[in-house]
Amino acid sequence: MENLTVPEARRHAIGAALLRIVARDGLDGVSLRAVATEAETSLGMVQRQFADKDELLRSALRQTGAATAERIRRIPKRAPVLDTLRRIADELLPLDEQRIIEARVYYAFTAKAMTRNDFAGLVQAQDAEFQAILAASFRAAEESGEIPPGQDHAALARLFSSALDGVSLALLTRAPDSPAADIVAGLDAALALITRP
């Protein structure tokens with residue numbers, strides 16, 4: 001939270017509390033009072049920072065999306081593309097506590113976006129940025145000769161992100177005794193197929 005103003009820091013802390021609630025209890029567990037309790041602040045403080053529950057939810061979606069996008073942007077986009085794509089996947093797959101929270105939040109908001117245009121717009125903007133990063137990775141792979149020329153980079157990006165979504169959902173809903181490595185192996189197989197010359 002470096003260089004945040006006091007109001008920004010408060011909004012960030014409240015947003016972080018909301019994300020913990022969504023990850024633990026889903027969107028149904030969110031209320032301004034529950035967020036205030038989780039953030040260890042007053043209901044009045046939450047109400048001063050956010051006009052209503054929807055504003056708070058949209059802010060939290062932007063907050064988690066920005067944090068994830070920043071981590072992905074820092075990954076070097078260089079050959080070999082398989083390594084770059086695997087590093088991107090490692091940043092997103094729900095294999096540790098932080099990424100499990102982020103994935104639960106993302107899919108909760110994605111479900112909400114199916115019926116709410118204001119949330120759909122935010123999810124679509126985040127997806128468009130992700131697709132652009134992936135397409136640029138495939139473009140770089142083609143330029144370096146890793147994949148044959150004439151590929152549809154946008155289609156490859158969508159294929160990769162679809163595989164990533166499927167593996168992420170399988171990880172989030174797997175049985176406790178189901179090894180994560182068995183599920184992640186599916187993504188590695190998909191990556192190998194996508195990048196096969």
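This is a predicted model, so every value here is computed, not measured.
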Nearest-0.5 Å distance, OG1 of residue Thr37 to CG of residue Leu32: 11.0 Å
Any sub-3.5 Å donor-acceptor pair from Arg11's side-chain atoms to Gln49's backbone N or O? yes
State whether the side chain of Asp52 and the backbone N or O of Glu55 hold a donor-acceptor pair below 3.5 Å, judged by distance alone. yes
Are Phe138 and Asp152 side-chain neighbours, meaning at least one heavy-atom pair lies under 4.5 Å? no
Is the backbone N or O of Leu156 less than 3.5 Å from a side-chain atom of Gln151, with the two atoms forming a donor-acceptor pair by type? no
Is the backbone N or O of Tyr106 less than 3.5 Å from a side-chain atom of Thr110, with the two atoms forming a donor-acceptor pair by type? yes
Take Arg62 and Leu122, measure what side chain to side chain contact (heavy atoms under 4.5 Å, CB included) needs, and give me the verdict at the end. CA-CA 7 Å; Arg62 282 190 292 269; Leu122 290 172; 3.8 Å; yes
CZ on Arg20 to CG on Asp25, rounded to 0.5 Å: 12.0 Å
Student check: side-chain heavy atoms of Arg104 and Leu172 closer than 4.5 Å: yes
What about Leu134 and Leu93, same hydrophobic cluster or not, with Ile/Leu/Val/Met/Phe/Trp/Tyr joined at side-chain heavy-atom distances under 4.5 Å? yes
Just so I know, are the side chains of Leu57 and Phe50 near enough to count as touching, which here means a heavy-atom distance under 4.5 Å? no
Ile75 side chain reached by Ile133 side chain, heavy atoms, under 4.5 Å: no
Starting at CZ of Arg73, measure out to OG1 of Thr68 and round the result to the nearest 0.5 Å. 10.0 Å
How about Arg33: does its CZ atom have over 12 heavy atoms from other parts shown lying under 6.0 Å from it? no
Locate the shortest heavy-atom distance separating Gly15 from Ala60; write the atom from each residue and the value. O-CB, 4.3 Å
Would you mind reporting whether Arg58 and Arg116 have side-chain heavy atoms less than 4.5 Å apart? yes
Heavy atoms only: give me the nearest Val22-Ala108 pair and the separation to one decimal. CG1-CB, 3.9 Å
Would you compute the distance between atom CD1 of Ile100 and atom CG of Leu95 and round it to the nearest 0.5 angstrom? 7.5 Å
Locate the shortest heavy-atom distance separating Ala103 from Pro94; write the atom from each residue and the value. CB-CB, 3.9 Å
Taking Ser144 for the side chain and Ala141 for the main chain, is one N or O donor matched with an acceptor at less than 3.5 Å? yes
Atom CD of Glu70 with >12 non-hydrogen neighbours under 6.0 angstrom: yes
hydrophobic_cluster_shared for Ile183 and Leu85, side chain cutoff 4.5 Å: yes
Of all the heavy-atom pairs spanning Ala89 and Leu187, show the shortest one and how long it is. CB-CD2, 3.6 Å
Within this structure, what is the OG-CD distance for the pair Ser137 and Glu146, rounded to the nearest 0.5 Å? 10.0 Å
Run Leu164 and Val167 through side chain to side chain contact (heavy atoms under 4.5 Å, CB included) and show every step you take. CA-CA 5 Å; Leu164 184 59; Val167 169; 5.6 Å; no
Applying the 4.5 Å side-chain criterion to the ILVMFWY set and letting contacts propagate, would Leu92 and Phe109 be lumped into a single cluster? no
Does a salt bridge link Arg99 with Asp90, judged by any charged N lying under 4.0 Å from a carboxylate O? no
Nearest atoms (heavy-atom pairs only) where Gln131 meets Ser161: NE2-OG, 2.9 Å
Considering all heavy atoms of both residues, which atom of Ile21 and which atom of Gly29 are nearest to each other, and what is their separation? CG2-O, 3.5 Å
Spell out, yes or no, whether Ile194 and Phe130 are grouped together once hydrophobic residues are joined by side-chain heavy atoms under 4.5 Å, including indirect joins. yes
Taking the side chain from Ser162 and the backbone from Arg158, do they hold a donor-acceptor pair closer than 3.5 Å? yes
Supply the atom-to-atom distance Gln63 CD to Ile14 CD1, rounded to the nearest 0.5 angstrom. 10.5 Å
Kindly indicate, with the supporting measurements, whether the criterion side chain to side chain contact (heavy atoms under 4.5 Å, CB included) is fulfilled by Glu102 and Asp96. CA-CA 10 Å; Glu102 290 171 352; Asp96 62 28; over 6 Å; no
Any side-chain heavy-atom pair of Val123 and Lys112 under 4.5 Å: no
Polar side-chain atom of Gln124 near backbone of Ala113 as donor-acceptor pair, under 3.5 Å: no
Shared hydrophobic cluster, Met45 / Leu56 (ILVMFWY, side-chain heavy atoms < 4.5 Å): yes
